[in-house]
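Take a look at the structure set out below.
Position 1 is the first residue of the sequence, and the numbers go up from there. We count ligands from 1, going down the list as the structure has it; atoms in each ligand are counted the same way.
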Amino acid sequence: MYKLVIQGGKPLKGTIKASGSKNSSLPILFASILADNPITLNNTPQLSDISTTLRLLMSMGADFILESNSSLFVDSSKLNNLVADYNLVKTMRASILVLGPMLTKYGEAKVSLPGGCAIGTRPVNLHLKALEELGASIRVENGYIYAKTDGLIGANIHFDQVTVTATENVIMAATLAKGTSIINNAAQEPEISDLCCFLNKMGAKISGIDTSIITVEGVPQLNGVEYSVCSDRIEVATYLVAAAITGGSITVKNANPQAMRSVLGKLIEIGADIKTENQSISLNMKGKRPKAVSIKTGTYPNFPTDMQAQFTALNTIADGHSSITENIFENRFMHIPELMRMGADLTLEGNTVVCKGVKSLTGAHLMATDLRASASLVLAGLAAKGTTTIERVYHLDRGYETIEEKLKSLGADIERVQD
Ligand code: UD1
């Protein structure tokens, strides 16, 4: 097992390049099942969630070649085992994205239920309801979803709650359905738009991209294409917070400022000087202590839940009081007790964290619990006085490509060491 050891207190300075988006790459890799021939995907990040997806696709009969660090040639066009096994699904909830493509292309799918996770129960009822509305018959037995259809039929679907992966699952299923589907109250995350652009390049007929009403006209078949995934807005935002929490000044290239307006607004509110260009974002704290900001997470374009933990870390050393309300997941506060062990003054009241900024944190021995909570501990460690050791860094490797290399290139004192 690896751990990260950080000597805090060094302002980050320099330029890094953002990786491709994890949350775009995953649905797009699952969408490769829909194609009648192979796809080439560029700008993919090297992450354990990507390896898990490739292993899952391979277990069903797909093949892939790593053409370069960020380029994947994937042939999922002829699957021979329509089962997504528990052992792979349990390690990554996004595996549920295999369901829509497999069902619509092959007329059947057996997919393990993902189960709960550290941040909440995370049911998949809305995925199943929407697929049933497209005509699938679905039963859940022995921890598996069994789905069947003689051919999905376009339908008018309304999501009672905005959900990212269920929107993606139903869009993918609708691409090969007979007739037109209208998806109301669809999630509008940029990663969904990226998936839709990829599917349209394959020959799908999707309109209403970037809106909450998406229309999918079914087509008989889709073709393999070459595509570059968008940059990872959560990774970009995490590095910007790393610069802010250390009083530093960095530029992140390969970023899309348009997709990050809510986060950039909050960074300006804390006192950061932000400059954006077409594909890059610069943040300069000019050595100042950040000002506390209050945050409420929401669906896009509101403040992303995937940045809640990182901004909580930032608020712990900010000047003033703040409240951070988590509206998406019921238990996304695993970082709170760990941050308190570093001297943070935090109180959890229902789904709100009340934070009184302290002048500084002190290094401590910490346990990473989930992906974004772990990122917040790294940020706190970068700002803290002394040594911070973070165990279970495999959580970070799910979503941050070579995190310690990127931070080191910005001047951080961080090492990955084996137990
Ligand atoms: C996706 C992202 C994740 C992000 C989250 C919210 C991917 C691979 N993951 O996760 O990084 O944190 O969006 O932006 O893109 N819900 C139900 N029933 C369902 C589906 C969802 O009750 O069938 C609930 C969830 O428990 C949660 C809320 O809806 O409370 C939103 O979840 P959802 O948008 O579905 O998150 P994911 O797609 O799993």
Give the residue, atom name and distance (to 0.1 Å) of the protein heavy atom nearest [atom].
{"atom": "atom 12 (O) of ligand 1", "result": "Asp306 OD1, 2.6 Å"}
{"atom": "atom 24 (C) of ligand 1", "result": "Gln161 NE2, 3.5 Å"}
{"atom": "atom 22 (O) of ligand 1", "result": "Pro123 CG, 3.3 Å"}
{"atom": "atom 1 (C) of ligand 1", "result": "Val164 CB, 3.8 Å"}

Worksheet item: Who pairs with Thr52 by side chain to side chain donor-acceptor pair (under 3.5 Å), at least two apart in sequence or on another chain?
Response: none
Consider ligand 1: state whether an atom of it lies below 4.0 angstrom from any non-hydrogen atom of [X].
{"X": "Arg332", "value": "yes"}
{"X": "Glu191", "value": "no"}
{"X": "Ala166", "value": "no"}

Polar-atom distance check: [X] versus ligand 1, any N or O pair below 3.5 Å?
{"X": "Arg122", "answer": "yes"}
{"X": "Phe329", "answer": "no"}
{"X": "Glu330", "answer": "no"}
{"X": "Asn23", "answer": "yes"}

Discussion item. If we ignore hydrogens and angles and just use 3.5 Å, is the side chain of Ser71 paired with the main-chain N or O of Glu67 as donor and acceptor?
Written reply: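 Between the backbone of Glu67 and the side chain of Ser71 there is no qualifying donor-acceptor contact (under 3.5 Å).
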Discussion item. Quick one: does any side-chain atom of Glu235 pair with a main-chain N or O of Ser231 as donor and acceptor, under 3.5 Å?
Written reply: no
Worksheet entry | Side chains of Ser24 and Asp194, donor plus acceptor under 3.5 Å | yes
Worksheet item: Do the side-chain N and O atoms of Tyr400 and Arg372 include a donor-acceptor pair separated by under 3.5 angstrom?
Response: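 Note: Tyr400 and Arg372 side chains meet the donor-acceptor criterion.
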Discussion item. Just checking Phe311 against Phe303, ring centres under 6.0 Å apart?
Written reply: yes
Discussion item. At under 4.0 Å between heavy atoms, is it the side chain or the backbone of Thr165 that contacts ligand 1, or both, or neither?
Written reply: both
Worksheet item: Are Lys110 and Tyr146 in a cation-pi contact, defined as NZ or CZ under 6.0 Å from the six-membered ring centre and within 45° of the axis?
Response: no
